[in-house]
Amino acid sequence: MDLSPELSSMANALVGANDQLLALYDLLEVTTDSLEEVNTVLELLKRAFKLLDCDALLVLTDDINHFYGDEAERDTLNQAPDDLDRASVAIERATTAFGLEAELRALRRESPFSTGDRKLMKAVLQTVLGAIHTSRLHQESLQQAIVAHDHRTAAAIAQVALPDGPPELTGIDFFARSDPAHAAGGDLYMYAVVGENLCFVVGDVSGKGVSAAMMMTTITSAANASFHDLSSYSPVEHLRRISQWTYDHLAKADLFTTLVVGRYCTTDGTLTLANAGHSPVFIVRKGKAEPSYAHVPPVGVLPVGDVDAAIHQLGLGEAIVVASDGIVEQESAEGEQFGEHRLIRHLERYSNQPASVMGTSMFDEVASFGEDHTQDDDRTLLIVKRAVKP
Amino acid sequence: MKIEVLPTPDTDAASVTLDGRFDAHETSDFRTTYDQLEAEGVVNFSIGLGGVEFVDSTALAELVRGMKRARERGGDMVLTDLSNAVRVILELTKLDTAFTIS
């Protein structure tokens with residue numbers, strides 16, 4: 001049947017509109033097929049290229065540009081805006097509510113872009129921006145999930161390395177506990193009974209995550225090996241050995257660790273300490289907490305040089321308390337730190353209590369203080385008390 | 001944390017001033033700044049810490065890293081204008097004996 005020119009023109013326009021509608025559906029389907037930014041945008045441009053019946057398309061975003069079409073026209077579209085031939089190049093710009101900006105440039109030499117074409121370009125650009133935003137959100141979620149998994153792994157590694165159960169040694173009242181933070185740090189403690197002596201080490205590896213946890217296990221292993229090397233009981237010698245064995249590892253990983261190495265002799269109450277950069281450390285006697293300071297920088301900063309030991313005599317009921325900075329640096333919801341003054345006040349208040357009561361109540365007080373604030377760092381406490389009763 | 005860099009033209013020195021909280025969340029920015037300066041040939045670093053209100057072990061480890069790298073290249077990292085918070089932590093950890101401080 002022959003149609004009049006007017007009807008023929010209308011029929012062609014309807015077919016064309018229907019084709020464009022199908023191409024639009026085709027375009028939107030791309031956004032549900034993939035979450036990867038580069039391939040998704042290229043696929044969108046491929047379909048937009050057909051939709052707009054053009055020679056080339058270029059999308060410019062904050063960090064990546066995407067091109068589709070005749071490669072010979074790539075440089076044409078890449079020119080500065082003022083140098084573009086506006087008779088054959090159309091530009092649309094858009095910004096999302098999240099601040100993502102992009103520009104779409106289309107080149108068609110055969111005929112200029114119509115108003116309808118410009119509306120289609122706007123729709124294409126909004127679809128591209130939506131796909132980029134979704135892809136980046138997905139990547140961020142993936143990264144967060146990976147980091148969270150790493151920290152859970154690190155915390156698990158760290159906990160396995162810690163000793164299980166109190167030392168079997170008469171004459172001491174002992175407490176040790178380490179609560180890992182969500183983002184696992186590198187707090188460590190280790191102890192061993194050697195004859196009538198308790199040898200112990202408490203430390204804090206710098207940094208967080210898997211690297212700090214792995215280094216922590218290396219150091220606790222080194223400490224354990226040194227404690228069981230009967231050639232020397234000296235904490236200074238233990239510190240020197242641990243430093244020699246772990247210095248290269250720490251240096252390569254750009255880490256260091258604070259360490260307090262101690263030996264408590266149950267026969268006469270002598271406590272000997274070698275301290276590499278660790279605080280806080282207190283001797284609690286006669287109801288007062290006296291600080292014991294570091295002698296040398298943390299292990300891994302410089303090769304260990306001369307180390308002086310601190311020697312104390314613990315009377316009945318007197319104690320050494322070694323904490324980690326995760327206790328004194330715990331913040332409240334108002335941003336105030338728990339602080340050394342609260343730690344001292346607690347130790348002095350509980351100085352007559354068994355080590356387990358001193359320790360558990362300390363954790364309770366810090367947890368209560370930081371109740372509405374995240375635990376940013378591991379909390380570790382080790383207490384060795386000269387038992388009142390044998 | 002704000003990081004301000006003052007390179008000294010035609011020399012191998014740069015002055016970096018830190019302001020705010022220097023902790024695990026800020027170390028990647030510091031490292032990026034340091035590594036960029038190192039790539040530009042800087043071996044002598046002056047790190048101004050007067051505005052640093054808090055520093056944790058991760059941040060101290062970054063300073064130690066920078067100090068060691070600078071010394072390996074024949075230069076140094078000098079810590080200047082220490083805030084009270086920084087001075088106390090350096091003294092407690094005995095890191096004040098490892099760094100050059102002015």
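So you know, we letter chains A, B, ... as the sequences are listed, proteins then strands, and number each from 1. These figures come from a predicted structure and were not determined experimentally.
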Colleague: CD of Glu329(A) to CD1 of Ile89(B): how many Å apart, nearest 0.5 Å?
Modeller: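 Going from the CD atom of Glu329(A) to the CD1 atom of Ile89(B) covers 5.5 Å.
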
Colleague: Considering only heavy atoms, which portion of Ala98(B) lies under 4.5 Å from any heavy atom of chain A: side chain, backbone, both, or neither?
Modeller: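 For Ala98(B), heavy atoms of backbone and side chain both lie under 4.5 Å from chain A.
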
Colleague: Flag the pair Leu60(B) / Ser206(A) as yes when at least one side-chain heavy-atom distance between them is below 4.5 Å, and no otherwise.
Modeller: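 When only atoms from C-beta onward are counted, Ser206(A) and Leu60(B) do not touch, as no gap falls below 4.5 Å.
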
Colleague: Quick one: OG1 on Thr58(B) to CG on Asp377(A), what's the gap to the nearest 0.5 Å?
Modeller: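 Reported value, rounded in 0.5 Å steps: 8.0 Å.
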
Colleague: With a 4.5 Å limit on heavy-atom distance, are the side chains of Glu340(A) and Val88(B) in contact?
Modeller: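 No; the side chains remain at least 4.5 Å from each other.
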
Colleague: What pair of heavy atoms forms the shortest contact from Leu92(B) to Ser279(A), and how long is it?
Modeller: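 Answer, listing the atom of Leu92(B) first, then Ser279(A): CD1-OG, 3.9 Å.
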
Colleague: Within a radius of less than 6.0 Å around NE2 of His249(A), do more than 12 heavy atoms belonging to other residues, nucleotides or ligands occur?
Modeller: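 Open: at most 12 neighbouring heavy atoms sit under 6.0 Å from NE2 of His249(A).
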
Colleague: Which bit of Thr258(A) is near chain B, if near means a heavy-atom gap under 4.5 Å: side chain, backbone, both or neither?
Modeller: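 Contact with chain B involves no heavy atom of Thr258(A) at all.
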
Colleague: For Val301(A), is it the side chain, the backbone, both or neither that has a heavy atom under 4.5 Å from a heavy atom of chain B?
Modeller: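 Interface part for Val301(A): both.
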
Colleague: Return the NZ to CG distance between Lys94(B) and Asn275(A), rounded to the nearest 0.5 Å.
Modeller: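 If I round to the nearest 0.5 Å, the distance is 9.0 Å.
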
Colleague: I need the minimum non-hydrogen distance between Thr97(B) and Pro297(A), along with the two atoms involved.
Modeller: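 Minimum heavy-atom separation between Thr97(B) and Pro297(A): OG1-CG, 3.4 Å.
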
Colleague: Do Tyr293(A) and Glu91(B) have side chains that get closer than 4.5 Å, going by heavy atoms?
Modeller: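 Side-chain contact under 4.5 Å: no.
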
Colleague: Can you tell me how far OG1 of Thr93(B) sits from NE2 of His278(A), rounded to the nearest 0.5 angstrom?
Modeller: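 Interatomic distance, His278(A) NE2 to Thr93(B) OG1, rounded to 0.5 Å: 11.5 Å.
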
Colleague: Count the heavy atoms belonging to other residues, nucleotides or ligands that lie under 6.0 Å from CG of Asp62(A), then report whether that count exceeds 12.
Modeller: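 For Asp62(A), atom CG is crowded (more than 12 foreign heavy atoms under 6.0 Å).
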
